[in-house]
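As the structure lists them, so they are numbered: ligands from 1, and atoms in each ligand from 1. These numbers come from the heavy atoms of this one structure, side chains and all, not from hydrogens, waters or symmetry mates.
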Amino acid sequence: MEKFNIAIDGPASSGKSTVAKILAKDYGFIYTDTGAMYRSVTYLAIKHQVAFDDEMGLVNLIAKYPITFSQSPAGQLVFCDGEDVTQAVRSPEVTNNVSEVSAHAKVREELVRQQQKIAKDGGVVMDGRDIGTQVLPDARVKIFLVASVDERAQRRYSENLEKGIPTDLETLKKEIQQRDYLDSHREVSPLKQAKDAVLIDTTGMGIDDVVAAIKKVVADQVDPALA
Ligand code: DC
């Protein structure tokens with residue numbers, strides 16, 4: 001099969017990573033969660049007491065503690081300098097500060113360079129905020145996923161319940177709105193739909209429906225056999 005890249009962008013909790021993982025598995029592609037990379041830098045800043053507004057301090061952390069991915073039967077794992085941080089990067093402390101860290105131009109420059117290297121030979125499904133616009137402007141397929149704030153908060157609430165994490169729906173809603181605002185209004189590479197991306201509103205859709213909708217786009221744009 002031709003090696004091509006799929007870029008999936010969209011706001012927080014729009015279901016990007018869930019569907020990106022399924023697509024990667026079905027097509028035999030590599031999945032790359034770029035949000036986990038910005039989260040890893042935030043985790044490192046907390047651990048090594050580097051301020052979130054110290055741009056060069058954050059860039060130095062990236063150089064000193066390389067971020068890598070590895071596949072396991074339980075899914076993809078994220079490592080910083082050999083430490084498994086897969087769970088740690090999902091903590092509320094990281095989630096509530098990652099927008100500030102990811103707004104720095106030099107942090108983005110370095111992580112974008114790494115992301116482009118991962119995707120250089122094709123065969124990658126990459127999700128994030130700026131994949132279709134900045135990281136892989138030549139990606140063969142670009143998808144922009146959206147869903148209402150209410151639905152995204154409800155999905156996150158149910159996920160947390162399943163994991164036994166007590167949360168408050170209204171608080172989740174406010175956090176999602178706050179992150180949407182920060183991610184779409186920052187100066188460098190704000191969250192934005194690429195002109196050639198296909199918009200899919202997943203409000204009211206199940207995961208299988210979203211995967212099917214994206215496969216239809218892939219089939220139309222690349223190869224009918226990929227439906
Ligand atoms: O997708 P996520 O919620 O794990 O992403 C965490 C944060 O990282 C998100 O609030 C914005 C930032 N991010 C980014 O700026 N660019 C990306 N390509 C991916 C994530």
Side-chain angles (χ1 to χ4, degrees), residues 5-21 24 31-46 52 55 58-59 61-62 67 69 75-78 80 85-119 124-137 139 142-147 149 151-153 155-157 159-160 163 167 172-194 197 202 210:
N5 289 323
I6 303 177
I8 304 184
D9 290 300
S13 302
S14 56
K16 300 181 299 286
S17 65
T18 308
V19 294
K21 277 180 206 158
Y31 165 58
T32 305
D33 175 359
T34 61
M37 299 171 80
Y38 291 97
R39 286 172 178 274
S40 295
V41 182
T42 311
Y43 168 82
L44 287 169
I46 295 165
F52 300 131
E55 185 165 23
L58 296 169
V59 171
L61 285 174
I62 302 174
I67 302 162
F69 293 103
Q76 191 170 68
L77 305 175
V78 193
C80 288
V85 297
T86 315
Q87 296 302 325
V89 299
R90 303 280 146 203
S91 75
E93 196 184 1
V94 169
T95 302
N96 291 332
N97 291 295
V98 63
S99 288
E100 184 175 352
V101 169
S102 63
H104 294 294
K106 289 198 174 354
V107 169
R108 303 198 68 82
E109 233 168 69
E110 183 49 34
L111 293 188
V112 166
R113 202 181 57 74
Q114 295 185 10
Q115 291 154 8
Q116 289 172 334
K117 201 166 155 201
I118 293 171
V124 168
V125 183
M126 188 170 279
D127 78 7
R129 303 292 190 287
D130 59 341
I131 311 306
T133 53
Q134 303 289 331
V135 182
L136 306 176
K142 297 182 186 178
I143 304 290
F144 197 79
L145 289 186
V146 296
V149 171
E151 174 138 346
R152 286 185 283 142
R155 286 179 194 164
R156 192 43 54 96
Y157 180 74
E159 269 170 36
N160 285 354
K163 290 184 199 153
T167 28
L172 276 181
K173 234 187 253 184
K174 285 204 189 93
E175 285 171 359
I176 287 177
Q177 276 166 331
Q178 166 77 352
R179 213 136 64 84
D180 280 359
Y181 182 84
L182 293 174
D183 293 346
S184 339
H185 288 81
R186 67 175 176 230
E187 260 172 54
V188 194
S189 307
L191 168 68
K192 204 172 85 191
Q193 182 181 346
T202 70
V210 182

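Nearest protein neighbour of atom 18 (N) of ligand 1, counting heavy atoms only, is Asp130 OD1, 2.8 Å. In terms of protein heavy atoms, atom 16 (N) of ligand 1 is closest to Arg108 NH2, 3.0 Å. Remark: minimum distance from atom 3 (O) of ligand 1 to any protein heavy atom is reached at Arg179 NH1, 2.9 Å. Distance from atom 4 (O) of ligand 1 to its nearest protein heavy atom, with residue and atom name: Arg39 NE, 2.7 Å. For atom 20 (C) of ligand 1, the nearest non-hydrogen atom of the protein is Gly35 CA, 3.6 Å. Atom 1 (O) of ligand 1 has as its closest protein heavy atom Arg129 NH1, 2.9 Å. Given atom 19 (C) of ligand 1, the protein heavy atom at minimum distance is Thr34 OG1, 3.3 Å.
Heavy-atom contacts of Ser99 reach the following atoms of ligand 1: 10 (O) (cutoff under 4.0 Å). Interface of Gly128 with ligand 1, defined as ligand atoms under 4.0 Å from a residue heavy atom, comprises 17 (C), 18 (N), 19 (C). Set against the non-hydrogen atoms of Ser102, the atoms of ligand 1 under 4.0 Å away are 11 (C), 12 (C), 15 (O).
Each of Lys16, Arg90, Arg129 was scored for a salt bridge (charged side-chain N to carboxylate O under 4.0 Å, His left out) with Asp33, with one residue passing: Arg90.
Remark: ligand 1 and Tyr38 share no N or O pair separated by less than 3.5 Å (distance only, no angle test). Residue Arg186 has at least one nitrogen or oxygen atom sitting less than 3.5 Å from a nitrogen or oxygen atom of ligand 1, judged on distance alone.
Looking at Ser184 and Lys192, their side chains never come closer than 4.5 Å, going by heavy atoms from C-beta outward. Residues Phe52 and Thr42 form a side-chain contact, since some pair of their non-hydrogen atoms from C-beta on lies under 4.5 Å apart. You'll find the side chain of Val135 stays beyond 4.5 Å of the side chain of Thr34, heavy atoms only.
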Does Ser102 form a side-chain hydrogen bond (donor to acceptor under 3.5 Å, both in side chains) with Arg39? I'd like the steps, not just the answer.
CA-CA 8 Å; Ser102 63; Arg39 286 172 178 274; over 6 Å; no
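Between Asp183 and Ser99, the side chains place a donor N or O and an acceptor N or O closer than 3.5 Å (distance only, hydrogens not considered). Judged purely by distance below 3.5 Å, without hydrogens or angles, the side chains of Arg155 and Thr202 pair a donor atom with an acceptor atom.
Checking side-chain atoms of Arg186 against main-chain N and O of Ser189 turns up a donor-acceptor pair under 3.5 Å.
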